[in-house]
Amino acid sequence: MKNILSDILLSAAKKAFDKQKLTSSDFPAFGIEEPKLSTHGDFSTNFAMVMASLQKMPPRKIAEIITGEIEIAGSIIDKIEIAGPGFINFFVSPCSWHSVLYKIYEKDENFGSSNIGKNIKVQVEFVSANPTGPLHVGHGRGAAVGDSMANILSFCGYDVQREYYINDSGRQINTLGRSVFLRYRELYEEKVGFPQDCYQGDYIRDIALKIKNEKQSDLLDVPEEKAVIFCARFAAADILAGIKNDLELFGVKFDNWYSEQFLFDSGKVNSAIEAFKNKNIIYEKDGAFWFKTSEYGDEKDRVTIRNNGLTTYFASDIAYHMDKFNRGFERIIDVWGADHHGYIQRICASIEASGRKKDQFHVILIQLVNLLRNGEPVAMSTRSGEFITLEDVVKEVGADAARFIFLTRHYESHLDFDLELAKKKSNENPVYYVQYVHARISSIIRKADELGIKEIKWDDKNISVLQEGEEIQILKILSAYPEVVRSSAELLEPHRITYYLMNLAASFHSYYNKHRILSDNPIITINRLFLVLAIKKVIKNGLKLLGVSAPEIM
RNA sequence: GCGCCUGUAGCUCAGCUGGAUAGAGCAACGGACUUCUAAUCCGUAGGUCACAGGUUCGAAUCCUGUCAGGCGCGCCA
C-alpha cells in the first residue's frame, strides 16, 4: 500500500516538474506513515515538507502542486487533503484493504516473509555460557532473543546458522576441575578445605558423586594434576549435556557447537596471532604481546599473550571471529550480556584489522533480568551457589510464557520477570492474551464446522461486506505485518513482533466482543470467518517467529 | 577520573530512526457472562517525556551541558 502511494507521489512530482511547476527534479527521501488520528487519513506523507528547502517554496504550496497532478479516479485513493504545515493525507477507499485477506490465505505461513536477506550467510551466536554451571535466567533471555532473531532473519531471506561457543579451555575450566576434585576427595576424607574461589553450587557435589560411581577411589592414586584434568573434562561434558538439555526444554536448537579448545588444538589461535604479528598489528612490549586496538578506536592496546606465555581470552576471540568469516559468513551477530559491552571495541578492532568491514559485525547486548516473585526480588547469589536456574523457571512457568516475556522488552532495557505473573492466566500475562486469540478462533472454526461450514472460502464478490470499523481496523493491522517483520529484521529487534501481536490480539478481542462471527447472515458469516482465519494465521506465524506455540484449545 | 547504556502516567514499558492533540498493560474507580471460550470486553481517571540550553517549518526522538541510576574500565574470564 505504501509502495503504491510512494509511486503515485513520485510520478505526480515528476509530472509537475515537467510542467515546470517545480524547480528541482531532485526528490529527497520522504516518509509515509499511518497517522494516529483517523481524521488525518489512512496514510500521511511529509513529502512536501522535506522538499521545501530544495524547491524554495512553502510546503503547503508544493503539496497543492503535487496533489493537483494526482489522478484519483480509478485509484485506491478516495480523497486527498493537505493539512497542518504541509502534510498530504490520503484517504484510501475501504475496499482496497480487503485484498490483504486473500494474500494471507494465499501465502499462508509465508505471509510476511521476504528476501531482503538475499540469501546472505549470517551467523547468530548466542547463550555461549561457560560450561562451569547451569544456565540461569539471564541466559534464558539471551537464548530467547538470539533464537527469535535467527527465526526472523531466516524468514527474511537470510541463510542463518545458530552457534554456541563453548569456553572449554583456560583457567575457569581448571577451577571447575579443582572444585569437583575437592568435592570428590570429600567423599573419602573427613576434612578438605574448599576455597572461596571454587564453584560453590551443589551441582559440583553431584558431579563428584558421578565420578565416584564411575571410578571409585581411583583418582586418589593418580597425580593430583591429572586427576584435576580428568575432573575438569568430565564436569564440563556433564554440565554441557545439562545445558543442551535445558535449551531443548526451552525450545532452542543450535546448528553448531564450537569449542574454544578446538581453536587451540587446530592451531587457529596461533596462526591468527602470527598473521597479526607479521603485519605489526601485534607487537611485543614488557614481554607480552599487544594488539594495537587503540588504532581502531579502542581506549588502549590489549594483551593477547601474557608474559608468562599464556594467551588471554581476547586471543582466542580474535581467532574465533576470524574463523567465523573464514567459514563464509558475511554477517556476524553476537548476543552478549550487557556487562561485556566494554569488549565490543576490541573485537571490532580485530575484525577491521583482518580486513572485514565494521558493519558486518553486530553485538546485541542483553540487559539484566530481575527475577521476582509477587513483586519481591528472588534472592540470587552465584557465590553461595543458590540460584534459580533456567530449568527451574521453564519447569515452573513453561517455555512459552518464559520466551514470550523475555521478548516483551527491548533487550537494552532491564526486565522484571515475575514468576507468579508468568503463571497467571489473565490479562496481566501477555502470553495467554495472544495465544487465547488463536484458541478462540480455532474454537469458532470448529463451531462453524459443526454448523456445516466445512470450508472457509475466499468470496471475492462479497468480501466487501466487511465494513465495520473494527473490521477495517483489523485489515489495516494485518496489512502492516510484513513491514513489522522487515523492520524487526533490519533493526535486529524481535520485540517489535511481540508488540505487534499484542496489538493484533487486542483488536481481535475487541471485535469478538462486539460482533458475532457466526451471524444469522450466511454471507457475512463466511466472510467474517475468512477474516478471523487470516488473524489466526498471522498470530500463529508471529508466535512461531518468537518460538512460542499457538494452541488450538486453551 | 574516563567510557557506554538508561531516565516517558503511581508501577512495568512502547513510541515505527524528526511529524500533527505522547500511547499500552497493571494498579484505582464504574460497568458487561440465558449469546461463537470472561485466559475477554467497554468506560472513567492519570503527563513539566529527569532538568537547562541549542539545531528547524516541527524535538520524547538529533547536539551540548547538568543531575540521578546501572554497567564497564586487569598481562581476569
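Residue numbers start from 1 in every chain, and the chains themselves are labelled A, B, ... in the order their sequence lines are given, proteins ahead of strands.
Taking the P atoms as reference points, B/C26 lies 29 Å from B/U61, given to the whole Å. B/G15 and B/G7 have their P atoms separated by 10 Å, with the value rounded to a whole Å. With C1' as the reference atom, B/U8 and B/A59 are 14 Å apart, rounded to whole Å. Here, B/A20 and B/C13 have their P atoms 25 Å apart, quoted to the whole Å. Look at the C1' atom in both B/U12 and B/G72: the space between them is 26 Å, to the nearest Å. Across the C1' atoms, B/C67 and B/A52 are found 11 Å apart, a figure rounded to whole Å. B/G25 and B/U64 have their P atoms separated by 36 Å, with the value rounded to a whole Å. Between the C1' atoms of B/G18 and B/A60, the separation comes to 11 Å (whole Å).
Counting any heavy atom pair closer than 4.0 Å across all strands shown, A/S487 reaches no nucleic acid atom. Contacts of A/L491 with the nucleic acid, taken as non-hydrogen atoms under 4.0 Å apart, include base atoms. Within the 4.0 angstrom heavy-atom criterion, no nucleotide atom of any strand lies near A/A52. A/H509 comes within contact range of the sugar-phosphate backbone alone, with a heavy-atom separation under 4.0 Å but no base atom that close. Residue A/P85 is classed as a base contact, given a heavy-atom separation below 4.0 Å to a base. At a threshold of 4.0 angstrom between heavy atoms, the contacts of A/D286 include nucleobase atoms, whether or not backbone atoms are also involved. Looking at heavy-atom distances under 4.0 Å, A/A480 makes no contact with the nucleic acid at all. Residue contacts for A/F87: at a heavy-atom cut-off of 4.0 Å it reaches a base atom on one of the strands shown. As judged by a 4.0 angstrom heavy-atom cut-off over every strand, A/H438 is placed among residues making no nucleic acid contact. Among the protein residues, A/A448 comes within range of no part of the nucleic acid, since none of its heavy atoms lies under 4.0 Å from any strand.
Within the 4.0 Å cut-off from OP1 or OP2 of B/C57, not a single side-chain nitrogen or oxygen of A/R60 is found. Phosphate proximity of B/A20 to A/S44: absent, as no side-chain N or O sits under 4.0 Å from OP1 or OP2. Residue A/Y512 places no side-chain N or O under 4.0 Å from the OP1 or OP2 atom of B/U35. Under 4.0 angstrom from either OP1 or OP2 of B/C16 there lies no side-chain N or O belonging to A/H495. Of the side-chain N and O atoms in A/S413, one or more sit less than 4.0 angstrom from OP1 or OP2 of B/A14. Contact between the side-chain N/O atoms of A/R346 and the OP1/OP2 oxygens of B/A77 is not found at any separation under 4.0 Å.
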message: Could you write out RNA chain B as dot-bracket? Rules: Watson-Crick or G-U wobble, both distances under 3.5 Å, brackets [ ] for crossings, | for pairs with another strand, dot for unpaired.
response: (((((((..((((.....[...)))).(((((.......))))).....(((((..]....))))))))))))....

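Closest approach to the A/L518 side chain among B/G15, B/C36, B/U40 is made by B/C36 (side chain taken as heavy atoms from C-beta onward). If you check B/A20, B/C36, B/A38 against the side chain of A/R440, the one that comes closest is B/A38. Closest to the side chain of A/Q367, out of B/G3, B/C5, B/A77, is B/C5.
Under a 4.0 Å N-O distance rule, the pair A/K61/A/E64 does not qualify as a salt bridge. Salt bridge absent: A/E34 and A/K476 never bring a charged side-chain N and a carboxylate O closer than 4.0 Å. Salt-bridge check for A/K324 with A/E125: passed, with a basic side-chain N closer than 4.0 Å to an acidic carboxylate O. We find that A/R373 and A/D418 are not joined by a salt bridge, their nearest charged nitrogen and carboxylate oxygen being 4.0 Å or further apart.
Computed from coordinates, the A/W336 CH2 to B/C71 P distance equals 19 Å when rounded to whole Å. Computed from coordinates, the A/L365 CG to B/U6 P distance equals 11 Å when rounded to whole Å. Distance, A/I318 CD1 to B/A77 P: 13 Å, rounded to whole Å. Distance A/I364 CD1 to B/C4 P: 21 Å, rounded to the nearest Å. Rounding to whole angstrom units, CG of residue A/N46 and P of B/G19 are separated by 8 Å. Straight-line distance from the CG atom of A/D339 to the P atom of B/G72: 6 Å, rounded to whole Å. If you take CD of A/E33 and P of B/G23, they are 13 Å apart, rounded to a whole angstrom. Between A/F30 atom CZ and B/G18 atom C1' there is a gap of 16 Å when expressed in whole angstrom units.
Side-chain N/O atoms of A/E471 and A/Y511 include a donor and acceptor closer than 3.5 Å. Side chains of A/E81 and A/N89: a donor-acceptor N/O pair is absent below 3.5 angstrom, by distance only. Between A/S488 and A/E493, the side chains place no donor N or O within less than 3.5 Å of an acceptor N or O (distance only, hydrogens not considered). Side-chain contact of A/Y283 with A/D301: a donor-acceptor pair under 3.5 Å is present, judged by distance alone.
Not counting sequence neighbours, A/S6 has no partner by the side-chain hydrogen bond (donor to acceptor under 3.5 Å, both in side chains) test.
If you look at A/Y165 and A/Y320, their ring centroids are closer than 6.0 Å. Annotation: A/Y500 is in aromatic contact with A/Y481 [ring centroid separation under 6.0 Å]. A/W97 has its ring centre less than 6.0 Å from the ring centre of A/F43.
The base of B/C75 lies close enough to the side chain of A/N307 for a donor and an acceptor atom to sit less than 3.5 Å apart. Judged by distance alone, with hydrogens and angles left aside, A/H340 brings no side-chain donor or acceptor close enough to the base of B/G72 to form a pair under 3.5 Å. With hydrogens and angles ignored, a donor-acceptor pair under 3.5 angstrom links the side chain of A/N89 to the base of B/A20.
Along RNA chain B, the nucleotide nearest to A/I553 and the one nearest to A/R171 differ in position, and the one closer to the 5' end is contacted by A/I553.
Remark: A/E299, A/K300, A/V303 in residues 296-303 of chain A come within less than 4.0 Å of RNA chain B through at least one heavy atom.
A donor-acceptor pair is defined here as one N or O able to donate and one able to accept, closer than 3.5 Å; such a pair exists between the side chain of A/N541 and the backbone of A/F111.
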